[in-house]
Amino acid sequence: MSENFRSIETKFLDKTNRISFKYNGKKYYGYKGDTLASALLSNGVHLIGRSFKYHRPRGIMTCGSEEPNAIVQIGGNGSFTEPNVRATEQEIYEGLEASSQNCWPSVEFDIGGINNLISPVIPAGFYYKTFMWPKKLWYSLYEPAIRLSAGLGKSPTQPDPELYDHNHLHCDVLIVGGGISGIIAASISADNGNNTVLIDDKNSLGGSTIYQNDENFKINDEISSTWLDKKIKELKKKQNLTIKHRTSVAAFHGYNYLLARESLADHKSLDERLNKLRQRLWKIRAKKVILATGAIERPLIFNNNDRPGVMLANSVKKYIDFFGVKCGNKNIIFTNNDSAYETAISLNKKGIEVVVIDIRKNSSSTLVQTTKDAGIKIYWNHAIVNTSGYRRIKSIQIMEMSEDGTNVVGKKTSLLCDSLSISGGWTPMVHLFTQSGGKLKFRDADQVFLPNTVISDQISIGSCNGDFELDDVIKNTISECKNFLSASVIDYDLLKVSCPKQKESKNIWLLPNNKPLGKTKPFLDFQNDSTAKDIKLAMREGFKSIEHVKRYTTTGMGTDQGKLANMHALGIISETAGVKMGSLGTTTFRPPYTPLTFGTIVGRNVGTFFDITRKTPMHDWHKDHKAQFENVGQWKRAWYYPKDGENMYQAVQRESKAARESAGILDASTLGKIDIKGTDASEFLNRVYTNAWSKLGISKCRYGLMLNEDGMVYDDGVTTRLGENHYLMTTTTGGAANVLSKLEDYLQTEWPELDVWLTSVTDHFATASICGPNSKNILKKLFPNLDFNDENFPHMSFKNAEMDGINCRIMRISFTGEHSYEINIESKYGKSLWEKCMDAGKEFNITPYGTETMHLLRAEKGFIIVGQDTDGTMTPIDLQMDWIVSKKKYDFIGKRSLYRSDTMREDRKQLVGLLTDNPKEILEEGAQIVKNEKKQPIEMLGHVTSSYFSPNLNKSIALAVVKNGKKLKGQKLLVPMKDKTINVTVSDFIFFDSKNERLNA
Amino acid sequence: MLNINYPKIEKKEFPNLELNLVEPIKKLNLRGKNRDFFTKAGRILSIMLPIEPNTSATIKNISALWLSPDEWMIYGKDIDKNLKISLDSEISKLNLGSVTDISDQWLLINMKGKNVFEVLSKGSPFDINKFKNTKNVVVQTLLNHVDVILHHTDTNNVDLFVRKSFSEHLWLWINDSSSFL
Amino acid sequence: MKNNYSIISLIKNSFTYHENWQQAWRDPEPKKEYEAVIVGGGGHGLATAFYLAKKHNMKNIAVVEKGWIGGGNTGRNTTIIRSNYLWDASAGLYDHALKLWENLSQEINYNVMFSQRGVMNLAHNLQDVRDLKRRTHANRLNGIDAVWLSTEEVKKFCPIINTSPDIRYPVLGGTLQRRAGTARHDAVAWGYARGADAMGVDIIQNCEVKGIKRNGDTVEGIETTKGFIKTKKIGVVAAGHSSVIANMAGIRLPLESKPLQALVSEPVKPIIDTVVMSNAVHAYVSQSDKGELVIGAGTDAYVSYTQRGSHDIVEGTLKAILELYPIFSRMKMLRQWGGIVDICPDASPIISKTNIKGLYFNCGWGTGGFKATPGSGDLFAHTIANNEPHKLNAAFNLNRFVSGDLVDEHGAAAVAH
Amino acid sequence: MFIINCPFCGERDQSEFSAGGEAHIVRPKQPTELSDDEWADFLFMRKNIKGIQFERWNHAHGCRKWFNVIRDTSNDKIHAVYKMGEKPPSI
């Protein structure tokens, strides 16, 4: 393979910049600007991979994102590895490593090729019909075998060494596609004062016109590429215009919201890329969108049309005219239209041997005339009926077509070739258009779907709108843009365009053959190996809808998402069913337009930025004192503070004991705090809580329970009356945001008449909660001027106090059952306050405790935690909290629901205490409770919601919800575990100090 | 003495971007809707509370930011205890509306330099173009999923308010984002 | 009976180039009258028809489908099948379905590729641990094969999960149901359709229901785009469009129809051989037989019938995927899509009579209907045939929204099904 | 991602908002006088319209105001927004 196929000069590559790369372990060279495909072709390499199902050898077919075959693994085996990369889009860089996929041991000799031999037995959907008997083998043999054959490339197995980023972009006009129509549109838009963005997926602008050297195509008497080159240079100087290269629009959502992937590093060598940005996702909002996404060439469907060396005609042209690479020495072009003749002319000009086979009887196009004039042989009214060559096409056989084109007749002629260019016409790229919600129409003349109606502000121009000829493209682009943008400044009104016009056209979706269809292999979907006969089989079996056929045959479901296959599938279906193609509709074009890297979609939201981390003002103190943290919503809360190698259990036992014996301190800053003001504040609380508030004295605190309208407990907390019309509500940590938004909702929508103002002050205050028999002594030290006498400052009351001139709000409230104070201070002083508390408490062995100890202490007292002891199905009555449900109040949120037949049942699950018969045995939270283990089906009465070993009672305690629990006190129940059954007795759920004597201790 | 502690946010410079913590600084939340409320607030603050959405009014060292038709944030160096007391006694106490000290609910980070908007647009869906060229604009939006209030005080100069418990996280993000401009 | 599917029939047909396969189902015009009409040709509707014919001898029935069979949520879901639900009623329902899945390919002679590769649910915070343990205990006592796994066991079962304690929400353990797994979604609809058709059921595609004709409290038939069809029993299995049909009958349902999104990656060689779900970080993933990573995202919070959802949902899901599987960062999303799911306030379905005689609804499956397909069809068929619910679906009646006796499966269901 | 025109703040990205379901379901003034059926109707039953729906949204990450939106649920097009307490505009 020493022959150099880059024999043609090109200005699009940097010939001074020679680049080496490896393909399947072998070193090759290309130039800066080459794609992997063009570089391989320049080295004469066509064989790239094996197809999914039959493992047939496949080569490069196209030069763009529609490529079904030439997909490779790149980046080596390390962390840069990437599967399923299209060689036709990947730019080469120094040291690039690429290898073939879906083949073993190598792409030349692939064991999987055996599938090609048994292909007669495995038509579309064969797996639905077999592997069912014997059933055992499904698990041991069939399924594992099927799964083994899954996939193309290999997933990376190491974390990504590169980074991704996001950015938002807002513009007046977004133009997608930097071909000639996009360039004209961008120019018009920018000239008319619009903030304009032009996006193109290649590394340079110009589309297919930029390498159009044919003298038949002229603009203002210049060759079209020359004219366009000048225009691009002018464009780059324009104000208001941003051009983004290597940027591909992946999705076009409603409200002109588009996502575009900008590739920043994929063309750079790996050593420049570590820990740098690889791609950026642009989230674009455009007032107006202009789609200029172009068209792609269609293949032709005939027997064995899939061999390496079979390529789309226009791609062959691009490889010569843009990359300077010839795809073979002996070229055959097979076409049904005039555009392929451009390729013939190009090849001929470079002195490359070429003949043309055309299914039409003739054409009067100037292109055809030029071809004839060049002495190129044209076989009119012929079709290819077979090809040969396993790893590279070697020859074709052609036959003349019958008068009506439905058959082939006469003698077979064999022609040798090493490159076959095929052209079946053009398909407008309407993917983005339909993604946005646009509806298509069908144009019979050349069998294309075109944009029809839209719901957002957008137009399609150029070939994606069905204009395939240069003069139409330019004329319509100008007039459409003028209209769409209400543009007055137009440079282009006087353009003179000349180009050949498409003449006689003929389209046959499935070309005739001398053999029965069953004996041929006319491929539609080259990656997934679905053939025209698969389509017909599906239809024969009753799959009529296009979506059915697609799913049954997997047509269009490869990594190219059917960009080449879908139109032919539709065509063959409509022909077979005898219905008009336009009436069938298309399959849905789903985002993304081309596959989008997960990393790009996620951006920097990985690791640290996966989710918000909220920290309290005392966080650093906890950290410095070796606290373990618990995630509570987005908060980090101190969980426990292990000392000298303690495990959690030991730490919690120590903390719990200390809190009850002397003093403990908890960071309660995470509790939600809502400042409530207004003349109707009391009435408001009456409506949102189950209990009554009007009579709460100023400076007093009260516990409240909030329900959902369905009567189930939603949140709880202590609210303090700071003034006649002023309250401070606390909520659970996790519920804070939802409670505030729910309360605002009621205020704004149901009760706008109430004079109430809500302000979140959660972050404004830091809260240190000090509990235990010595808490008062500590507080006295901290606030020497404050009277802590129980009469003056009783349980459930509040005082303002000053510490070093800074105001503190002190609530005497308790979640542990101990004598306890909560000190609230502006959060910037939080850490300092905490340190002062620790200092003042030192002589009392003040012990910091975390959430786990807090949970244990409150469980000893039988206080619930919403979300742990409740699960959205518990009413306050179920929790035995009847005392908090006002009977007098006319209404409150959720009241009515408490009086439904099910919520009034007396045997609902109710909160109880559980004591294990063996006091050392600790129940598992979540364990189920039963009465009778033997009865089947076993009846579960409830489950353990909270469970701890209480160091203060020296036994294990648990809270549980149990069916009819109120009436089961004293009864023996069972907790069946996987390996044993635990005997328990139902008890009161207050285990400790049931007379609340310690509150005033 | 009680010490003041803030999350680890220190002055930081990037190309064309300077970040500074502006604390401590007083911030008040004002709520109200009747005419007396506006009159009183205007008189005490010497600022007419802006009623046009997304705008602010600044006089000397006090700014009033529109947050909703009945909500404003007042902040600035010149807010002292006395001002709060007069607002309390003339608005809260008379039930004309509500005045709440939220100085530590929000943390103020000042961002200035040509790249301010570049950084903001990376994390915010808001069309920054709308406010690039207009001073005294106020926007409440999301920045990398975190609620923020943005106050465009001067050309390429933005006061950013973030809830305190979120501030360290957002600060890390701003730093990260600023390093990939 | 149609030709039986087997390896023998495949080989035999290969000699005739597969040109002699019969239609899997006919394409009949509707008759004037049927014993019962099922509205909705998804998996549930077709299964209902299949079991009506098979178990209740109701063969003069039709399934009407406004598009193509299996084209709704049946063909849009992430194909997860499991029965590890919390409450007895749900466990009964879903395990009944799971048992049917285990023999389904043989029962309908159509390989639905039921793959019992196991489903693992991860816990990421302490409440997750409590909830999942509670569920595991309940499952065990209900005879459902769920087990609790420690973090190390999670890692062992699925080595590519990032179980580092340093991630934002570390994996604290998980539950595993080994009998759970996935199936080939389209095959379920096609297999039931073929089976029902063979027993005489008319499957009528491209036939949209336009109205429900009532005589007082009794149904008389349906108006369709293919004309009026007389019937005394109408079983509605219209998923996201249930409320639209209910509206025609003049009733309201406790449903909201919301977009649910899913996506697949490009196909790669086998890398994950189980299903992993995580409620707390909103991500679930498995790998299809084609090699695509199949990833389920969440629902949007608003009603929409567009089969599209917000990009934010997809972004949120993928960031959770990368948190748990950093190695997937360079994988590429090939295709994303949306379905319309009908969600009940208690995240449990409705398989129920209504107060209109002869009108039955099977709906409210939310994000998790696929797994129930055979069970749902079987029980709905029973309900329609006997005008009484089976004991396994008795709890899933419409009256529960009045009495308050809800089957709250938010914990088990959450976003991820 | 929609663009929603908050009646107070103007056009903003959907991510700043939270959806609140069907609009104009007024909380009964005297719930105790409702039958279980009527209460269930208020609590759970929804029109769930395919087509023009009146619904509530909250500018949760902006001005925190609730307002009403008229949206076609069959194509997500927003036809109008109006404040709480206002009569729906005709579209």
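In what follows, every chain begins at residue 1, and chains take the letters A, B, ... in the order their sequences are listed. These numbers were taken from a predicted model, which means no experiment stands behind them.
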> Does any backbone or side-chain atom of C:Asn13 lie under 4.5 Å from a heavy atom of chain A? Answer side chain, backbone, both or neither.
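Interface part for C:Asn13: neither.
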> Would you please test C:Glu19 and A:Leu537 for side-chain contact (heavy atoms from CB on, under 4.5 Å) and show each step?
CA-CA 7 Å; C:Glu19 280 179 8; A:Leu537 170 67; over 6 Å; no
> For A:Asn631 and C:Arg168, does a side-chain donor sit closer than 3.5 Å to a side-chain acceptor?
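A donor-acceptor contact under 3.5 Å links the two side chains.
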> Please look at A:Leu259 and chain C and tell me whether the side chain, the backbone, both or neither of the residue comes under 4.5 angstrom of a heavy atom of that chain.
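For A:Leu259, the contact with chain C is made by the side chain alone.
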> Find the distance between CZ (A:Arg147) and CG (C:Asp289) and round it off to the nearest 0.5 Å.
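Taking CZ in A:Arg147 and CG in C:Asp289, the distance rounds to 6.0 Å.
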> Please check if the side chain of A:Arg551 supplies one atom and the backbone of C:Gly75 the other of a donor-acceptor pair under 3.5 Å.
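Checking the backbone N and O of C:Gly75 against the side chain of A:Arg551, a donor-acceptor pair under 3.5 Å is found.
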> Show your working on salt bridge (Lys or Arg N to Asp or Glu O under 4.0 Å) between A:Asp902 and C:Arg400 and close with a plain yes or no.
CA-CA 9 Å; A:Asp902 191 70; C:Arg400 72 181 192 266; over 6 Å; no
> Given a strict heavy-atom distance threshold of 4.5 Å, which part of C:Asp27 is in contact with chain A: side chain, backbone, both, or neither?
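Only the side chain of C:Asp27 comes within 4.5 Å of chain A.
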> Name the member of A:Arg905, A:Glu939, A:Met557, A:Glu933 that forms the most heavy-atom pairs with chain C at distances under 4.5 Å.
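Option with the top pair count is A:Met557.
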> Say you draw a straight line from CD of A:Gln928 to OG1 of C:Thr136; how long is it, rounded to the nearest 0.5 Å?
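Output value for this atom pair is 10.0 Å.
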> Just how far is it from atom CZ of A:Phe80 to atom CZ of C:Arg330, taken to the nearest 0.5 Å?
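Answer for the CZ-CZ pair, A:Phe80 versus C:Arg330, is 6.0 Å.
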> Does A:Asp611 come within less than 4.0 Å of C:Lys319, counting only side-chain N to carboxylate O?
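Salt bridge between A:Asp611 and C:Lys319, a charged N being under 4.0 Å from a carboxylate O: no.
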> Does any donor atom in the side chain of C:Asn111 or A:Tyr127 lie under 3.5 Å from an acceptor atom in the other side chain?
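Absent: no donor and acceptor within the cut-off.
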> Check each atom of A:Pro937 against the heavy atoms of chain C and say whether the ones under 4.5 Å are side chain, backbone, both or neither.
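Contact with chain C involves no heavy atom of A:Pro937 at all.
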> With a 4.5 angstrom heavy-atom cut-off, could you sort out which part of A:Ser79 is near chain C: side chain, backbone, both or neither?
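The backbone, not the side chain.
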> Using non-hydrogen atoms and a 4.5 Å limit, figure out which bit of A:Thr81 sits close to chain C: side chain, backbone, both or neither.
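Backbone of A:Thr81 only, per the 4.5 Å heavy-atom cut-off to chain C.
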> Which bit of A:Val85 is near chain C, if near means a heavy-atom gap under 4.5 Å: side chain, backbone, both or neither?
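Both backbone and side chain.
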> Looking at C:Gln127, C:Arg140, C:Arg184, which one has more heavy-atom pairs under 4.5 Å with chain A than the rest?
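The candidate making the most pairs under 4.5 Å is C:Arg140.
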> With chain C, which of A:Ser901, A:Gly711, A:Pro595, A:Gly518 has the greatest number of heavy-atom pairs at distances under 4.5 Å?
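Greatest number of close heavy-atom pairs with chain C: A:Pro595.
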> Is a side-chain donor-acceptor pair under 3.5 Å present for C:Ser115 with A:Glu143?
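Result is yes, a qualifying pair exists.
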> Out of A:Glu547, A:Lys154, A:Lys544, return the one with the most heavy atom pairs under 4.5 angstrom to chain C.
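Counting heavy-atom pairs under 4.5 Å, the top option is A:Glu547.
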> Does a donor on one side chain sit under 3.5 Å from an acceptor on the other, for A:Asp160 and C:Ser329?
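A donor-acceptor contact under 3.5 Å links the two side chains.
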> Verify, without hydrogens or angle tests, whether C:His18 (side chain) and A:Pro120 (backbone) share a donor-acceptor contact under 3.5 angstrom.
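At least one qualifying donor-acceptor pair exists.
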> Of the backbone (N, CA, C, O) and the side chain (C-beta and beyond), which part of A:Thr608 lies under 4.5 Å from a heavy atom of chain C, both, or neither?
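Contact with chain C: none, neither part.
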> Check for a donor-acceptor pair, side chain of A:Lys533 on one end and backbone N or O of C:Tyr17 on the other, with a separation under 3.5 Å.
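The answer is no, because no donor-acceptor pair under 3.5 Å joins these two groups.
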> Are any non-hydrogen side-chain atoms of C:Leu293 and A:Phe598 less than 4.5 angstrom apart?
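A side-chain contact exists here, since the closest heavy-atom pair is under 4.5 Å.
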> Does any heavy atom of chain A fall under 4.5 Å from the side chain of C:Ile272, the backbone, both, or neither of them?
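The answer is the backbone of C:Ile272.
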> Taking all atoms of both residues into account, what is the closest heavy-atom pair of A:Gly542 and C:Trp25, and its distance?
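Nearest heavy atoms, A:Gly542 then C:Trp25: O-NE1, 3.8 Å.
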> Find the distance between CG (C:Leu141) and CD1 (A:Ile929) and round it off to the nearest 0.5 Å.
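So the gap between those two atoms works out to 11.0 Å.
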> Side chain, backbone, both or neither: which part of C:Asp166 has a heavy atom under 4.5 Å from chain A?
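Neither part.
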> Where do C:Ile327 and A:Pro159 come nearest, in terms of heavy atoms and distance?
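That would be CG2-N, 4.1 Å.
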> Would the distance check show the side chain of C:Lys269 and the main-chain N or O of A:Ala150 forming a donor-acceptor pair, the cut-off being under 3.5 Å?
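Judged by distance alone, yes, a pair lies under 3.5 Å.
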> State plainly whether the residues C:Lys332 and A:Glu82 are in salt-bridge range, i.e. N to O under 4.0 Å.
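Judged by the 4.0 Å cut-off on N to carboxylate O distance, C:Lys332 and A:Glu82 do form a salt bridge.
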> If you compare all heavy atoms of A:Gly633 against all heavy atoms of C:Tyr169, which two are closest, and at what distance to 0.1 Å?
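The pair with the smallest heavy-atom distance is O-OH, 3.5 Å.
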> Could you grab the distance from atom CG of C:Asp346 to atom OG1 of A:Thr873, nearest 0.5 Å is fine?
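Interatomic distance, C:Asp346 CG to A:Thr873 OG1, rounded to 0.5 Å: 11.5 Å.
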> At a 4.5 Å cut-off on heavy atoms, which part of A:Met977 comes close to chain C: side chain, backbone, both, or neither?
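Both backbone and side chain of A:Met977 come within 4.5 Å of chain C.
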> With a 4.5 Å cut-off on heavy-atom pairs, point out which of C:Phe114, C:Phe15, C:Tyr325 contacts chain A the most.
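Result: the option with the highest number of such pairs is C:Phe114.
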> Verify side-chain contact (heavy atoms from CB on, under 4.5 Å) between C:Gln336 and A:Arg590, making sure each step is shown before the conclusion.
CA-CA 6 Å; C:Gln336 69 176 102; A:Arg590 288 172 170 142; 5.6 Å; no
> So if I apply the side-chain contact (heavy atoms from CB on, under 4.5 Å) rule between C:His137 and each of A:Met940, A:Glu924, A:His943, which one comes out positive?
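Single pass found, and it is A:Glu924.
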> Within this structure, what is the CD1-CD1 distance for the pair A:Ile122 and C:Ile11, rounded to the nearest 0.5 Å?
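Going from the CD1 atom of A:Ile122 to the CD1 atom of C:Ile11 covers 12.0 Å.
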> Indicate yes or no: does A:Lys283 engage C:Glu315 in a salt bridge with an N to O separation below 4.0 Å.
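Salt bridge between A:Lys283 and C:Glu315, a charged N being under 4.0 Å from a carboxylate O: yes.
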> Please confirm whether A:Lys129 makes a cation-pi placement over C:Tyr110, using NZ or CZ under 6.0 Å from the six-membered ring centre and within 45° of the ring normal.
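Pair A:Lys129/C:Tyr110 does not count as cation-pi.
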> Taking C:Gln307, C:Arg308, C:Glu266 one by one, which has the highest count of heavy-atom pairs under 4.5 Å against chain A?
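If we count pairs closer than 4.5 Å to chain A, C:Glu266 comes out on top.
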> Just give me the residue among A:Thr903, A:Ile612, A:Asp710 that pairs up with chain C most often, heavy atom to heavy atom, under 4.5 Å.
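If we count pairs closer than 4.5 Å to chain C, A:Ile612 comes out on top.
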> Looking only at heavy atoms, which two atoms of C:Met331 and A:Pro83 are closest? And how far apart?
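That closest heavy-atom pairing would be SD-CG, 4.2 Å.
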> Could you check whether the rings of C:Trp190 and A:Phe543 sit parallel, tilted or perpendicular, using 30° and 60° as the cut-offs?
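Ring orientation, 0 to 90° scale: perpendicular.
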> At a heavy-atom separation under 4.5 Å, does A:Gln527 approach chain C through its side chain, its backbone, both, or neither?
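A:Gln527 has no heavy atom closer than 4.5 Å to chain C.
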